[in-house]
Amino acid sequence: MALKVAIVGRPNVGKSTLFNRLVGKRLALVDDRPGVTRDRRYADGTIGDFDLTLIDTAGDEDVTDDSLEARMREQTEAAIEDAEVIMFMMDAREGVTSLDRIFAERLRRVHKPIILLANKSESRESGGGVGEAHALGFGEPVAISAEHGEGMADLYAALIAASADIFIEEIDEPDKPIRIAVIGRPNAGKSTLINRLIGDDRLLTGPEAGITRDSISVDWVYEDKNIRLVDTAGMRRKARVQEKLEKLSVADTIRAITFAEVVILVMDKDDAFDTQDLQLADLVEREGRALIYVASKWDLEDEPQSRMAKLKAMAEDKLPQLKGSPFVALSSHSGRGVERLMPAVLQAYDTWSVKVKTKDLNTWLSMATQRHPPPAVDGKRIKPKYIAQTKARPPTFVLMANRAESMPEHYKRYLINSIRESFDLPGTPIRLNVKSSGANPYAEGGAKSGPERYKGDAKTAPRRVKKAEKEEALSKLPGKALEQKKTRKAQPKVLGGLKSSASKKAGSSVAVQKGARGGARQVSRSGRIRTGQKGGAKR
């Protein structure tokens with residue numbers, strides 16, 4: 001088990017910057033203004049070969065009223081109580097302030113090892129502040145720069161010395177938890193819902209809108225199942241998000257949706273399925289996550305049954321791609337209906353992880369295509385051949401068919417809705433990829449088409465091909481030779497003699513050629529050789 005360390009101090013001294021450096025990734029939001037962090041955040045980190053469980057806290061304020069700063073201070077005190085080693089951070093540039101002295105006085109009452117950190121010590125101006133830190137009474141301060149990574153070796157040595165008397169128990173790693181993200185618009189009751197589920201005031205809540213800025217993860221065990229609940233910042237419309245800090249919060253929420261497995265969309269019962277709610281639900285569907293609708297503040301509803309029927313009809317009408325998603329109405333403040341949420345979440349998770357046998361899928365495909373055959377495109381019908389599931393989470397199917405690129409989108413939607421109804425997959429996103437079953441291997445350019453036959457010099461080439469080749473050869477001659485070639489006249493062939501008897505009978509002269517073995521053969525005007533003479537002797 002890792003050493004649990006809390007990073008505490010007044011606002012804007014660099015606690016979240018050191019937290020991100022030790023964790024190795026940018027988890028906590030960092031900005032120049034003070035008071036960015038409000039909740040306490042847990043994460044696993046390392047320094048050298050030392051495993052740590054780090055707790056990032058809000059800046060400590062000297063207030064005890066019912067304000068937001070007082071509630072942030074309570075979160076810091078809870079982190080101090082939970083930690084085994086405390087890292088007290090001060091700003092070396094500004095030196096020791098009155099708020100540092102007040103907070104140091106509180107830490108002296110805590111009987112735990114305390115490491116004093118003088119942050120922002122990379123410049124010469126910070127030398128005086130490091131010297132002033134001795135007056136706080138926590139021994140030699142460790143000069144570091146969380147932004148630039150300086151002084152990490154000294155911090156490692158200080159942690160080794162502070163944890164020498166702490167017994168770190170080795171425990172087995174728990175099973176991978178189910179990641180559940182709770183999203184919604186600001187002031188919808190997300191943090192209050194998580195506190196009600198786990199039975200503890202773990203997250204900062206209040207009537208103010210936009211209290212949560214970071215995405216805070218909370219580990220929890222429900223019916224022997226490891227659950228990781230992620231509380232996210234409220235997301236407003238993109239046109240209303242102007243400040244840099246709110247843009248960072250929205251990006252953190254989108255990242256939480258990406259890494260979640262089940263998403264709970266919390267909506268106010270009075271204005272549920274607003275434009276922003278629809279956009280959030282569509283984002284969840286595009287990311288391929290299981291979705292649960294939650295209508296909060298249900299204890300204030302006068303007509304719950306009729307209102308629930310309207311909300312379900314609205315969900316089916318505006319979000320048909322998530323048809324059948326579970327709908328839970330509850331009240332986080334009073335606890336009414338909260339017990340129905342986790343069974344719906346686990347059911348949606350099981351549906352999201354389902355795997356269907358290939359045999360059942362192809363039986364379904366035969367029935368679905370018989371009930372509604374695919375349309376003909378350009379006079380040719382599309383023929384689905386077989387289907388198989390390639391992966392789950394979300395369920396993804398591959399359909400092999402000829403002319404796959406021509407399958408219209410409405411027929412794909414018909415197949416997806418039929419899969420959802422036939423295999424009982426309500427609400428879960430379904431992916432259907434249609435691929436071609438394979439090209440003709442004997443077509444031109446195919447795998448078995450072979451080399452292309454050359455027909456230019458064949459004897460059976462058409463006359464127009466020969467004529468074109470002859471004209472091309474003539475065009476390559478020089479100018480004078482080409483002119484002589486065109487003006488040249490064909491000379492008549494000199495024949496061997498004429499046979500008078502044949503010319504008298506035919507009324508015209510007939511050319512006579514000598515045969516190969518001697519003798520004469522009669523040739524007509526067209527050049528055809530006569531094979532015999534009229535009245536001649538027969539052999």
Side-chain angles (χ1 to χ4, degrees), residues 4-20 22-23 25-31 33-45 53-61 63 66-83 86-87 89 103 179-220 227-235 243 245-246 248-257 259-260 264 266 332:
K4 193 173 291 186
V5 181
I7 307 174
V8 299
R10 63 181 177 84
N12 203 26
V13 295
K15 299 183 295 297
S16 297
T17 305
L18 179 61
F19 177 83
N20 289 340
L22 295 179
V23 170
K25 61 181 72 174
R26 191 185 177 110
L27 287 183
L29 298 184
V30 178
D31 196 69
R33 72 179 70 180
V36 173
T37 304
R38 290 177 174 175
D39 288 282
R40 66 183 191 270
R41 176 195 284 272
Y42 290 73
D44 295 331
T53 299
L54 298 164
I55 310 175
D56 186 24
T57 62
D60 189 74
E61 299 280 357
V63 288
D66 295 333
S67 63
L68 179 61
E69 289 76 11
R71 283 173 278 162
M72 292 164 58
R73 176 188 168 187
E74 293 176 358
Q75 291 287 322
T76 302
E77 292 175 352
I80 294 173
E81 184 68 25
D82 191 21
I86 300 170
M87 290 195 295
M89 183 178 288
F103 193 54
R179 296 186 297 272
I180 303 173
V182 184
I183 66 172
R185 286 177 291 163
N187 205 23
K190 302 180 292 296
S191 302
T192 308
L193 175 60
I194 294 179
N195 288 341
R196 174 65 64 176
L197 284 173
I198 64 178
D200 186 18
D201 292 335
R202 169 65 179 81
L203 301 172
L204 191 63
T205 59
E208 302 89 354
I211 291 179
T212 304
R213 286 175 174 169
D214 296 87
S215 294
I216 307 298
S217 60
V218 180
D219 291 334
W220 179 47
I227 306 293
R228 178 166 293 171
L229 298 168
V230 182
D231 183 28
T232 62
M235 294 180 64
E243 296 183 0
L245 187 58
E246 189 172 0
L248 294 175
S249 300
V250 170
D252 205 18
T253 301
I254 295 175
R255 184 175 62 179
I257 295 174
F259 288 98
I264 300 175
V266 182
S332 304

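Quick note: residue numbers are just sequence positions, from 1.
When side chains are defined from C-beta on, Arg73 counts as touching Glu77, because their heavy atoms get closer than 4.5 Å. Val23 places none of its side-chain heavy atoms less than 4.5 Å from the side chain of Arg41. Side-chain atoms of Ile180 and Ile264, non-hydrogen and from C-beta on, do get closer than 4.5 Å to each other. Taking the side chain as every heavy atom from C-beta outward, Asp82 and Arg40 never approach each other to under 4.5 Å.
Checked by atom type and distance alone, the side chain of Arg71 never pairs as donor or acceptor with a backbone atom of Leu204 at under 3.5 Å. The main-chain N or O of Ala28 is found under 3.5 Å from a side-chain atom of Asn20 such that the two form a donor-acceptor pair.
Residue pairs meeting the side chain to side chain donor-acceptor pair (under 3.5 Å) criterion with at least one partner in residues 188-200, sequence neighbours excluded, are Ser191-Thr212, Ser191-Asp231.
Note that CZ of Arg10 and CZ of Phe103 are 11.5 Å apart. Values are rounded to the nearest 0.5 Å. To the nearest 0.5 Å, atom CG of residue Asp252 and atom CD1 of residue Ile216 are 8.0 Å apart.
The side-chain contact (heavy atoms from CB on, under 4.5 Å) test with Ser217 singles out one residue from Leu27, Leu229, Val230, and that residue is Val230.
A pairwise comparison of heavy atoms in Val8 and Lys15 identifies C-CD, 3.4 Å as the closest pair.
Evaluation of the side-chain hydrogen bond (donor to acceptor under 3.5 Å, both in side chains) rule for Arg38 yields no partner, not counting sequence neighbours.
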